[in-house]
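Encoded as structure tokens, the structure appears first; notes follow it.
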There are 2 protein chains.
Amino acid sequence: MDNGRVTIRDVAARAGVSIATVSNVFSGNKPVNADLRERVLKAAEELAYQVDRAASQLRSGQARVVGVLVPDLDDVFFTSLVSQLEVLAERDGYDILVASSRDDLGLEQSRLRTLLAWRPSGLIAVPCSDAVPEALRGEVGRLPIVFADRVPPEGSIVDTVAIDNREAGEIAARHLLAKGHRDILVAASSLAISPIRERVHGACDLIRSALDREPTVVELGSNADRGAATFRHWLERHKQPSAVIALTNVTTLSTLSALARLRIDIPDPVSVVGFDDYPWMSARKTGLTAIRQPIAEMAEAAWNRLRARMAGDRTPPTHSVMQTSLQARDSVRDLAAMAEHAGSRDPDPLPNPERPAASRKAVH
Amino acid sequence: MDNGRVTIRDVAARAGVSIATVSNVFSGNKPVNADLRERVLKAAEELAYQVDRAASQLRSGQARVVGVLVPDLDDVFFTSLVSQLEVLAERDGYDILVASSRDDLGLEQSRLRTLLAWRPSGLIAVPCSDAVPEALRGEVGRLPIVFADRVPPEGSIVDTVAIDNREAGEIAARHLLAKGHRDILVAASSLAISPIRERVHGACDLIRSALDREPTVVELGSNADRGAATFRHWLERHKQPSAVIALTNVTTLSTLSALARLRIDIPDPVSVVGFDDYPWMSARKTGLTAIRQPIAEMAEAAWNRLRARMAGDRTPPTHSVMQTSLQARDSVRDLAAMAEHAGSRDPDPLPNPERPAASRKAVH
DNA sequence: GTTTTACTGTAAAACGTTTAACAGGCGCCT
DNA sequence: AGGCGCCTGTTAAACGTTTTACAGTAAAAC
């Protein structure tokens, strides 16, 4: 109380006990008699004592803080992830240090280094490349690490949580094919990002095998505005597709912006399947049909894995793969039904060859 | 190198210097000879040494970490703020601990306490009530604190950064009045939040003085989906307004969702002025007219204030007030022009009595 | 009645830094 | 030549905890 910061010593003095006892009361490491505990808590309350985490961590090696690294804090997908993780961490008494790599490998390096300097109990990262970042090399065995969303397709040396990206692409493509679309454009953010590549492959392979035709792929980047400009440009000098699959929430935005700007309506003449599921997607006259990622479940899976590792689990890395599902709304036109109608065939409005996408995880 | 964690001592040994020298090389507190510094850096490099922030902070009292508390990490406005702050913090060599109060006073208390336990160098908070949170009482003089966005209207004992909420409401109302709207509904998130109250007052006062009529105010809460349901309910049992002012990005979403669900078009029969400026607002056929908050500038102002305080500034608290501006797009119908046209008067399509809203800050 | 055992509390030694106090070397001014 | 600063480096003492080793007491076992 002398200089302003009240320490364990002040509390001990006021309660008339040793500092070890105060420590035991707060850390719960050793049992302490009920009335003594009372005295200590009372003294602490009166002095507004708070254990100093730096000191505590220095001595014990236990940090109760986890680092969270994402590529972009302006992308709702990542902030949703962070939001969920914050809740889970808080529930378990952890704090989170968040850092953004802005999709830059150099920055990722340095952000990771500063995160590691805190000696966190764990790390959840959405890396910006396929490889394990250099800064993490030395830590792989030691520090609990979970990679989320962007994970090397061939499995990894650390625990991972991601969706089935290939399937996500397939679901989108299958839906459009079922609705009779044949001229499908695939809008990706960047093919340099492996999960995006997977989604593209999922969509393209399916389309190719169904239509025997190679679908066009455009890269719109990770910025909504620039992506919109790019896509507008593209639209102005190419034949209009009958449908576009946007493989990212940002590319969805880019796609919609460009179409809006060119006054091209949805779903006629152009249908759209978007990615992710956010409130703005249903806050429009023609609600957006989209591939839903189970973000909450991903966060939970990542957190649970991290918890297990932090609790000492030394089993080989696991790779959780979550299922995506199609949230059907109004942005896809049913060309098939129209064709049938035109040909005055059987009514049978929805010949639905889609398989129901269960949203549960499969652990390898 | 023995147990796995490499310390300053290992580096000192390998470089053949004292630990103080190593410390000086890394902290830069005292100058150290060029070749010695080289030796030290080389040794550190080889051992992959990283200074332990807990130990460093314990001894020096310097944390190089700031706490960031927001009410909701699922609200784009707050995550945008966090995103900007992360960039600024990174630039200046700080890390950020982020916590969400989920708009709950009790949780805010406990989150603040755990943030404070880190002995951060500063704190940027968007509090969930008007008052200075209990947990911060003791820190007000000591710890650099900046409140953002939600600040007590009468000024505060800590530095604050916010927009001119009253004016924001006025700008929205003025725009609608200028466009000939007379039946204006004000959609707020919660009147318990003081900045929202201010925005409501700004809009209502202006409308009242222009029309001599009390506008209706609805509270839609801070969750987009629940707000949409609430608003839908409201719309079903009240006379349809000619325009809606949504005073929050979330209420904007709620408003649009409800209208979309009821198949009510925008801007005819219902015009909408939204809040904030996000990509999804222009990714629609009728782009959304909205009140733009200068988030980047707010973050910068908050950070600069915090930096100054952290550098020892002891002057009385300042209160930055930023200007909002109207981003006009297509969601407001010009009833005035139509009326004129109908009366076959002068063409004069845009009698625009709005004052241009400069977006620069004023410091009190 | 003495020895174990169990239980609680304490003293003191860490933890890995920073920093105050100090020491040695060298140039500079009387 | 001796004294004074300045520069650079070292030693050792913090910082506020946790934790190990130990001591004292009471209950249980012999």
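Excluded from the calculations below are hydrogen atoms, water molecules and symmetry mates; all remaining heavy atoms, backbone and side chain alike, are included. In this text, all values refer to a predicted model and were calculated from it rather than measured experimentally. Naming convention: chains lettered A, B, ... in sequence-line order (proteins, then strands); numbering from 1 in each chain.
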Nucleotides 8-14 of chain C: protein proximity per nucleotide (B base, S sugar-phosphate only, - neither; heavy atom, under 4.0 Å): SBBB-BB
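- The residues B/Arg150 and B/Asp103 are annotated as salt-bridged, a charged nitrogen and a carboxylate oxygen being separated by less than 4.0 angstrom.
- The pair B/Arg5-B/Asp52 does not count as a salt bridge, with every side-chain nitrogen at least 4.0 angstrom from each carboxylate oxygen.
- Of the two residues contacting DNA chain D, namely B/Ser60 and A/Ser60, the nearest-nucleotide position lying further toward the 5' end is that of B/Ser60.
- Residue contacts for B/Ser23: at a heavy-atom cut-off of 4.0 Å it reaches a base atom on one of the strands shown.
- In this structure, A/Arg119 places its CZ atom 9 Å from C1' of C/dG16, rounding to the nearest Å.
- In this structure, CG of B/Asn29 is placed 16 Å from P of D/dT10, rounded to the nearest angstrom.
- Taking five base pairs at each end of the helix from C/dG1-D/dC30 to C/dT30-D/dA1, the local helix axes there meet at an angle of 50°, rounded to 10°.
- Using a 4.0 Å heavy-atom cutoff across all strands shown, A/Phe26 reaches no nucleic acid atom at all.
- Per the geometry, CD belonging to B/Gln57 stands 11 Å off C1' belonging to D/dC15, to the nearest Å.
- The nearest whole Å value for the distance from the CG atom in B/Leu58 to the C1' atom in C/dC15 is 9 Å.
- In summary, B/Glu86 and A/Arg111 engage in a salt bridge, as defined by a charged side-chain N under 4.0 Å from a carboxylate O.
- For B/Trp118 against A/Ala63, the heavy-atom pair with the smallest separation is CH2-O, 3.7 Å.
- In summary, A/Arg307 and A/Asp313 do not engage in a salt bridge, as defined by a charged side-chain N under 4.0 Å from a carboxylate O.
- To the nearest angstrom, C1' of C/dT19 lies 12 Å from CD of B/Gln62.
- Taking atom CZ of residue A/Arg53 and atom C1' of nucleotide D/dC15, one finds them 18 Å apart after rounding to whole Å.
- The existence of a salt bridge linking B/Arg113 and B/Glu134 is excluded, since no basic side-chain nitrogen approaches an acidic carboxylate oxygen closer than 4.0 Å.
- Nucleic acid contact for B/Arg9: base, since at least one base atom lies under 4.0 Å from a heavy atom of the residue.
- Between the CZ atom of B/Arg64 and the P atom of C/dT18 there is a distance of 13 Å, rounded to whole Å.
- In this structure, the CG atom of A/Asp52 is 7 Å from the P atom of D/dG16, given to the nearest Å.
- Ion pair B/Glu45/B/Lys42 not flagged as a salt bridge, since none of the NZ, NE, NH1 or NH2 atoms sits closer than 4.0 Å to an Asp/Glu carboxylate oxygen.
- Ion pair A/Arg309/A/Asp159 flagged as a salt bridge, since at least one NZ, NE, NH1 or NH2 atom sits closer than 4.0 Å to an Asp/Glu carboxylate oxygen.
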Side chain to side chain donor-acceptor pair (under 3.5 Å) between B/Ser83 and B/Ser80, worked out: CA-CA 5 Å; B/Ser83 176; B/Ser80 301; over 6 Å; no
